[in-house]
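Positions are given from 1, in the same order as the sequence printed here. The structure displayed is predicted, hence computed values, not measured ones.
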Amino acid sequence: MPTEKFNLLNFSGKMRTLHLSWIAFFITFMVWFNHAPLLLAIADTLHLSKEQIKTLLILNVALTIPARILIGMLTDRWGPRAVYSALLILGSIPCFTFAFADSYTVLAVSRFLLGFIGAGFVIGIRLMGEWFPAKELGTAEGVYGGWGNFGSAAAAFLLPTAAALWGGPEGWRYACALTGVISFIYGFIFYSSVKNTPKHSTYFKPKKSRAMEVTSTGDFFLLILTKIPMYLALVLLTWKLSPAGVHLLPQPVAYGIYIGLAALFILHSYSAYQVNREVFTQPVPEIHRYAFKQVTILSVLYFITFGSELAVVSILPLFFQETFHLSTVVAGFLGAGFAFTNLIARPGGGILSDVLGRKKILIILAVGLVIGFAVLSCIDSHWPVWLAVMATVMCSLFVQGGNGAVFAVVPLIKRRLTGQIAGMTGAYGNVGGVVYLTIFSLVSYQIFFLFIAATALLGLLAVFFLNEPKGVIVEVMPDGSLAEITVG
């Protein structure tokens, strides 16, 4: 593994891989959210109703939950270089069909498929784990996640300007298509510029790729239990698209999807048993074991951190507008501050994890989440606007820092399964977004923020059961010998 110092101004070796990777992540998020700042123009061109616009927002996140699981498996099997490149290139196709759609059906299907590109994040998690030692991994993952995640904010800032430069009511089409062109070209650049591992290093692959490996019978049942919320989130999304929600899907189709999800869960559980049935007959040697509870705890924490980020970023402009009677432009500008802190807070969470200890920082950040969202629940029209903005920015520092701290731990659990672990953890972030936004549709702003604070309290309790990564993890080399990887 490269031994040069961590220097963001260096563009060679492991730092070159970091820069190329966060740019790839940045592009995937720019493509994934390219519609958000252009929705009004899109609606005007295709004469969309408010219900159809809401449906597009739902469709944008629907596929990302299973996509992150699948992309994690493919990454472990085929390597980050090939999978990231393919995702960038293939993801440009629905981007183009969305940009030049002439009917709502094409627009909706394209948006649904574009949810797949939102899974790109998990690929870089494995890649950073290959290139950076444990003492720098939190920092590397934080920079990768924080700078890449800024792609959604960049889309909000840049694409309306690009649309205006092209001019006319069709300008949004060319702005969206531009992101597809960038994604397509960068896919080839990434493939030709990045390696899966440093020179003379081994890329460890899972023994079987059909499901995640576990190392005890108790962990097998915990794996099945951990999958349930992801399927329930997909059930919830289907319900939103059914006649009970926005009426995009006919009721018989919705029933068919419910039955299909149940069948898929049974099939997925059986596949997990097929991969792990040996643990029921013979114990796994101690040196090859890992605690799956680590994955579950990190997934719960990311449910809270990234899930609350997705939800709060979506509703914050409306919150400012309705609470303080601000214009749409001013409310949008003030709300953008919550996502803007990604540039420093997410890397900060990773850096602090490397320096002060991963479990300790997760505890501190979880406490900050509880307090931060409890404070937001107290905001009303009597507050000065500047104080309300300060409160949201302070809360966002703990949210984004928590994102970085969670993924400072993920690559240190089991190297050959890092893609799958990152996929499950990342998928839980989207599950959190679905749950929190659903709660928001049913309650007041104050209750919404209190609900997040309550779940953050549960997350805080869960952190105390997390094992601080230490010592080494053992992987099997292609020749059958054992390799020890230092994790703390």
| said: Using modelled atom types and a 3.5 Å cut-off, is there a donor and acceptor pairing between side-chain atoms of Gln446 and backbone atoms of Ile379? | reply: yes
| said: Run the side chain to side chain contact (heavy atoms under 4.5 Å, CB included) test on Leu20 and Tyr186 for me, step by step, so that the C-alpha distance in whole Å, both residues' side-chain angles and the decisive distance to 0.1 Å come before the verdict. | reply: CA-CA 10 Å; Leu20 289 168; Tyr186 195 76; 3.4 Å; yes
| query | Hey, are the side chains of Pro411 and Ile125 touching, using non-hydrogen atoms and a 4.5 Å cut-off? | reply | yes
| said: Is there a side-chain contact between Pro80 and Lys195 in this structure, where contact means two heavy atoms from C-beta onward sitting under 4.5 Å apart? | reply: no
| message | How long is the straight-line distance from CE of Met15 back to CD of Glu136, given to the nearest 0.5 Å? | response | 8.0 Å
| query | What's the spacing between Asn34 CG and Cys95 SG if we round to 0.5 Å? | reply | 5.0 Å
| From Ile473, Val474, Ile287, residue fulfilling side-chain contact (heavy atoms from CB on, under 4.5 Å) relative to Glu484 | Val474
| query | Between Phe440 and Tyr445, is the ring centre distance below 6.0 Å? | reply | yes
| field | Charged tip of Arg346 within 45° of Phe150 ring normal and under 6.0 Å | value | no
| query | At what distance, to the nearest 0.5 angstrom, does CG of Leu442 lie from CG of Leu437? | reply | 11.0 Å
| said: Does the Lys NZ or Arg CZ of Arg81 fall within the cation-pi geometry relative to Tyr191 - under 6.0 Å from the ring centre and within 45° of the axis? | reply: yes
| query | Is there a side-chain contact between Pro94 and Phe116 (heavy atoms, below 4.5 Å)? | reply | no
| said: If I compare all heavy atoms of Gln251 with all of Pro243, which pair ends up nearest, and what's the gap? | reply: OE1-CD, 3.4 Å
| task | Quick one: do Lys240 and Thr438 satisfy side chain to side chain contact (heavy atoms under 4.5 Å, CB included)? Show the steps, please. | result | CA-CA 9 Å; Lys240 282 187 173 184; Thr438 302; 3.4 Å; yes
| Relative to each other, are the rings of Phe373 and Phe449 parallel, tilted or perpendicular (30° and 60° limits)? | parallel
| query | Side-chain contact, heavy-atom cut-off 4.5 Å: Leu298 with Tyr428? | reply | no
| query | Between atom CG of Leu412 and atom NZ of Lys470, what is the distance when rounded to the nearest 0.5 Å? | reply | 14.0 Å
| field | Flag for Thr226-Thr296: side-chain donor and acceptor within less than 3.5 Å | value | yes
| said: Tell me if a side-chain donor or acceptor on Ser201 pairs with a main-chain N or O of Thr197 at a distance below 3.5 Å. | reply: no
| Quick one: do Arg415 and Glu130 make a salt bridge, cutoff under 4.0 Å? | yes
| Backbone N or O of Val399 within a donor-acceptor pair of the Ser396 side chain at under 3.5 Å? | no
| request: Kindly give the heavy-atom pair with the smallest separation between Ala254 and Ser242, and that separation in Å. | output: CB-CB, 3.8 Å
| request: For residues Arg289 and Pro283, report the shortest heavy-atom separation together with the two atoms involved. | output: NH2-CB, 3.6 Å
| task | State, without any angle test, whether Asn403 and Glu309 hold a side-chain donor-acceptor pair at a distance under 3.5 Å. | result | yes
| field | Between Arg111 and Asn60: side-chain donor-acceptor atoms closer than 3.5 Å | value | yes
| query | So Met424 and Leu223, side chain to side chain contact (heavy atoms under 4.5 Å, CB included) or not? Walk me through it. | reply | CA-CA 10 Å; Met424 177 170 283; Leu223 168 64; 4.0 Å; yes
| remark: Rounded to the nearest 0.5 angstrom, the CD1-CE distance for Ile421 and Met212 is 5.5 Å
| Between Met128 and Leu137, does a side chain to side chain contact (heavy atoms under 4.5 Å, CB included) hold up when you go through it step by step? | CA-CA 7 Å; Met128 296 303 98; Leu137 191 54; 4.3 Å; yes
| message | Nearest 0.5 angstrom please: Thr139 OG1 to Leu18 CG, how far? | response | 10.0 Å
| message | Using the rule given for ring-ring contact (aromatic ring centres under 6.0 Å, His included), can you reason through Phe407 versus Phe121, listing the C-alpha separation, both sets of side-chain angles and the distance that settles it, and then say yes or no? | response | CA-CA 11 Å; Phe407 276 94; Phe121 165 69; 4.8 Å; yes
| query | With distance as the sole test, does Lys293 use its side chain to make a donor-acceptor pair with the main-chain N or O of Phe465 at under 3.5 Å? | reply | yes
| task | Say whether, by atom type as modelled, one donor and one acceptor occur between the side chain of Ser271 and the main chain of His268 under 3.5 angstrom. | result | no
| task | Mind listing the closest non-hydrogen atom pair of Thr455 and Ile304 along with its distance? | result | O-CD1, 3.1 Å
| query | Do Trp32 and Phe29 have ring centres separated by under 6.0 Å? | reply | yes
| request: Please state whether the rings of Phe26 and Trp22 are parallel, tilted or perpendicular, taking 30° and 60° as the class boundaries. | output: perpendicular
| task | Give a yes or no on whether the backbone of Leu466 and the side-chain of Lys359 come within a donor-acceptor separation of less than 3.5 Å. | result | yes
| query | For the residue pair Pro133 and Lys14, what are the closest heavy atoms and their distance? | reply | CD-NZ, 4.3 Å
| task | Could you tell me whether a side-chain N or O of Ser353 sits under 3.5 Å from a main-chain N or O of Gly349, the two making a donor and an acceptor? | result | yes
| message | Please check this pair: side chain of Arg68 against backbone of Leu63, looking for a donor-acceptor N/O pair closer than 3.5 Å. | response | no
| Can you tell if the side chain of Thr305 reaches within under 4.5 Å of the side chain of Leu369, non-hydrogen atoms only? | yes
| query | Do Phe132 and Phe6 make the cut of ring centroids closer than 6.0 angstrom? | reply | yes
| Do you know which of Asn430, Val406, Ile297 makes side-chain contact (heavy atoms from CB on, under 4.5 Å) with Tyr302? | Val406
| task | Look at the rings of Tyr144 and Tyr84 and say which category their plane angle falls in: under 30° parallel, 30 to 60° tilted, over 60° perpendicular. | result | perpendicular
| task | Please answer whether the main-chain N or O of Ala422 pairs with a side-chain N or O of Thr425 as donor and acceptor at a distance below 3.5 Å. | result | no
| Hey, does Tyr436 have a side-chain heavy atom less than 4.5 Å from the side chain of Phe303? | yes
| request: Can you see which heavy atom on Leu417 is nearest to which on Pro206, and at what distance? | output: CD2-CB, 3.8 Å
| field | Glu213 side-chain N/O to Asn276 backbone N/O, donor-acceptor pair under 3.5 Å | value | no
| query | Between Lys205 and Asp76, does at least one N-O distance fall below 4.0 Å, as a salt bridge requires? | reply | no
| Side-chain donor-acceptor contact under 3.5 Å, Asn149 with Gln400 | no
| query | Side chains of Gln294 and Phe292: does their closest heavy-atom pair fall under 4.5 Å? | reply | no
| field | Side chain proximity check, Leu241 to Leu237, heavy atoms < 4.5 angstrom | value | no
